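Each remark here refers to the structure printed beneath this line.
The structure presented is a predicted model; accordingly, all values stated were derived computationally and were not measured.
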Amino acid sequence: MKRFLKYLKPYIKECIFAPLFKMLEASFELLVPLVISDLVDKGIEGNDKSRILFDGGLLLILAIVGLIAAITAQYFSAKAATCFGREVRNDLFDHINNLSFSNIDSIGTSTLITRMTSDVNQMQTGVNMVLRLFLRSPFIVFGAVYMAYRVNKRSLGIFNSTVGVLFVIVFLIILVTMPLLKKAQERLDVVTLRTRENIRGVRVIRAFNRTDEEEEEFGTAVNRLYKMQLLIGRISAFMNPLTFFVINAGIAVVLYSGAINVRDGALDKGDVIALVEYMSMILVELIKLANFIITVSRMFAGAKRVNDVFLTKADMEFPEQNQGLRISEIEFKNVAMRYKDAADDALSGVDFAAKKGEVIGIIGGTGSGKSTLAGLIPRYYDITGGSISINGKPIQSFGKEELRKRVAYVPQKAMLFKGTIADNLRWGKEDADASDIDRALTLSMSKEFVDLKEGKTEYMISESGRNLSGGQRQRLTIARAMIKDSDILILDDSSSALDFATERKLRENISTVKDDKIVFIISQRISSIKNADRILVLDKGMLVGNGDHETLRKNCEVYKEICRFQMNDDEEVAG
């Protein structure tokens, strides 16, 4: 938790006042048995009505003041804890956004979700408990022992023995449960992963009639978590009966010795009641302390897991300076790239150059490295060999923001966000006006269906664009890229859901803006890239062809094979 203390510094006032008011409440609570003792011995035994009224009024005042102190302490601790959780989540989210794709792939999306939600919640709850009980519970326990000693010195041995046994029980149970709590959180990661996959892939699961199998696998993951949590619960459940048994045994001893002392005149009846009250206080506080320590154990387990994410350093570094980049040329020289923990290179020996005004087509079989190559242009991944240069300078010399600002990327999977169509398009250009939006919709062939929507550009898109067809989502993601003032436009198989007529019109529209950009079109279709200025043919991560359509048809075997499979005859290809 050491690194997380900085998040509490802005709330130092709350961190001081919360335990301070809790200590004030505890002090009043420790006075209650003494007032009750006086009420019994002098008020009831002495038949002194004024003493009864005085002590009764004093008890009422102590209760009211204690309640006010407790509410005030709860307010400050809750404020500090919730603000702490907010700050940790914000920093964690920022940190995750600065990690590279390789880092995120390595950690896992489901794990990151669990750590940002469940683990931070555990930390927030722990902070709240620490501020309220860290000082209060020990103060009550040792304060009760001291007050019991003040009432009757002979009772000190009974209280010390009882407290000692209780501490041993509590810490033994905590010692056993702490490692189990870590395992429970790891199993929660698995449940989160299964939940995420099933919700996102529900259409595929139903299409392949895998509902029963997925329910069984999800049930297995949930049962493993359930069994671990049940084991932790059963171990923790021993605490209450054991502590109650020890305390009740202590109370029995106090009553027995107190009765003897009362009979011998060494102790008043009210003092016996006070001793029993102090023993009961110890019971309540030790149970609270045990639950507090379990909560704090969970807090530390969650903090360690969150800290592991913070300790994950981005494996890509970007310079801070902004050079006012405008891209006119990009060049790959003998580029190789291997994903983390992969056995083979995803790309190797790739050489080509592209200049503004060119349309570069990229084609190849599944797994040939097309999307990997596209991801190297905005530097989503770092190369492991060779070099990439922009305007003659290494790509590593440009800042992240200035580089990615100049690249408009349309991924394979069309991703839209909940909000209006206009809101989604303004991801490409924040200050886009109606004319900018209209032009982007026209170029992307989206205007024809957007104008039919209720509210047109103000039509509300649901999460991930579920209320749009696949082709509509793809066209809007293209519009989002087209509205961006970029120098490079990458279309990564982004027209796969479009019919041939719409795709042809889209290519024609793209050709009208190519003079201002370097356009990369990645596709499985020959028809999508055959009119490109140059076509790169990839096979098993290697560049096996580089030329226009006609040249590759004659000289590249891989390209010729793709043509034969996709077209009925050479005339269709040429057409």
Side-chain angles (χ1 to χ4, degrees), residues 98-109 312-318 327 329-354 358 360-398 400 403-404 407 409-413 488-494 496 518-526 528-529 532 534-547 551-552 555-562 565:
N98 287 321
L99 294 177
S100 69
F101 284 17
S102 297
N103 293 135
I104 294 173
D105 293 342
S106 177
I107 298 172
T109 306
T312 303
K313 300 298 181 184
D315 52 18
M316 296 170 60
E317 294 184 358
F318 292 84
I327 301 174
E329 180 183 12
I330 183 167
E331 184 177 9
F332 281 55
K333 289 184 179 179
N334 197 31
V335 167
M337 192 272 172
R338 177 179 296 186
Y339 289 105
K340 192 174 183 180
D341 301 327
D344 301 311
D345 287 339
L347 287 175
S348 61
V350 177
D351 287 278
F352 74 91
E358 286 189 310
I360 309 296
I362 303 176
I363 196 169
T366 302
S368 59
K370 303 185 296 298
S371 294
T372 299
L373 189 152
L376 295 178
I377 297 171
R379 204 181 164 203
Y380 293 150
Y381 294 93
D382 256 341
I383 58 176
T384 52
S387 66
I388 301 175
S389 59
I390 292 176
N391 302 342
K393 296 181 180 180
I395 194 171
Q396 293 86 354
S397 65
F398 298 100
K400 178 168 63 175
L403 173 61
R404 293 178 183 172
V407 179
Y409 187 87
V410 184
Q412 284 180 321
K413 183 177 180 181
I488 294 178
L489 173 63
I490 303 172
L491 304 175
D492 187 359
D493 202 14
S494 56
S496 58
I518 306 172
V519 181
F520 290 90
I521 301 176
I522 301 171
S523 181
Q524 302 280 2
R525 297 177 182 174
I526 292 288
S528 299
I529 50 90
R534 275 185 302 121
I535 299 170
L536 307 179
V537 184
L538 295 174
D539 184 43
K540 297 178 181 178
M542 300 181 67
L543 184 63
V544 296
N546 184 352
T551 302
L552 292 173
N555 302 324
C556 181
E557 289 298 325
V558 174
Y559 191 76
K560 283 194 285 186
E561 185 177 0
I562 295 172
F565 276 110

Exercise: identify the closest heavy-atom pair between [X] and [Y]:
{"X": "Val410", "Y": "Ser494", "answer": "CG1-CB, 3.4 Å"}
{"X": "Asn546", "Y": "Leu552", "answer": "N-CD2, 3.6 Å"}
{"X": "Asp345", "Y": "Ser348", "answer": "OD2-CB, 4.1 Å"}
{"X": "Pro378", "Y": "Arg404", "answer": "O-NE, 3.0 Å"}
{"X": "Ser389", "Y": "Gly392", "answer": "CB-C, 4.1 Å"}

Any donor-acceptor pair under 3.5 Å linking the side chain of Asn391 with the backbone of Glu329?
-> yes
Between Ile383, Leu543, Thr372, Thr384, which is the residue that forms a side chain to side chain contact (heavy atoms under 4.5 Å, CB included) with Leu347?
-> Thr372
Rounded to the nearest 0.5 Å, what separates atom [atom1] in [X] from atom [atom2] in [Y]?
{"X": "Ile526", "Y": "Ile535", "atom1": "CD1", "atom2": "CD1", "answer": "6.5 Å"}
{"X": "Asn103", "Y": "Thr312", "atom1": "CG", "atom2": "OG1", "answer": "6.5 Å"}
{"X": "Phe352", "Y": "Ile330", "atom1": "CZ", "atom2": "CD1", "answer": "6.5 Å"}
{"X": "Gln396", "Y": "Ile388", "atom1": "CD", "atom2": "CD1", "answer": "7.5 Å"}
{"X": "Ile363", "Y": "Asp493", "atom1": "CD1", "atom2": "CG", "answer": "10.0 Å"}
{"X": "Ser523", "Y": "Leu491", "atom1": "OG", "atom2": "CG", "answer": "10.0 Å"}

Residues forming a side chain to side chain donor-acceptor pair (under 3.5 Å) with Lys313, sequence neighbours excluded | none
Go through the structure and list residues passing side-chain contact (heavy atoms from CB on, under 4.5 Å) with [X], not counting sequence neighbours.
{"X": "Glu358", "value": "Ala354, Lys355, Ile360, Asp533, Arg534"}
{"X": "Thr551", "value": "Asp548, Asn555"}
{"X": "Asp492", "value": "Ser371, Tyr409, Gln412, Ile522"}
{"X": "Ser368", "value": "Lys370, Leu538"}

Is it true that atom NZ of Lys560 has more than 12 heavy atoms of other residues, nucleotides or ligands lying nearer than 6.0 Å?
-> yes
NZ of Lys540: more than 12 outside heavy atoms within 6.0 angstrom?
-> no
Pairs in or reaching into residues 375-390: which pass salt bridge (Lys or Arg N to Asp or Glu O under 4.0 Å), with residues at least two apart or in two chains?
-> Arg379-Asp382
Candidate pair Glu557 and Val544, rule side chain to side chain contact (heavy atoms under 4.5 Å, CB included), full reasoning = CA-CA 9 Å; Glu557 289 298 325; Val544 296; over 6 Å; no
So Ile362 and Phe520, side chain to side chain contact (heavy atoms under 4.5 Å, CB included) or not? Walk me through it.
-> CA-CA 7 Å; Ile362 303 176; Phe520 290 90; 4.0 Å; yes
Between Asp351 and Phe332, is a side chain to side chain contact (heavy atoms under 4.5 Å, CB included) present by the stated rule, with each step listed?
-> CA-CA 5 Å; Asp351 287 278; Phe332 281 55; 5.9 Å; no
Check whether any side-chain heavy atom of Ile377 sits under 4.5 Å from a side-chain heavy atom of Ile518, and report yes or no.
-> no
Side-chain contact test, heavy atoms from C-beta onward, threshold under 4.5 Å: evaluate it for Phe398 versus Ile327 and give yes or no.
-> no
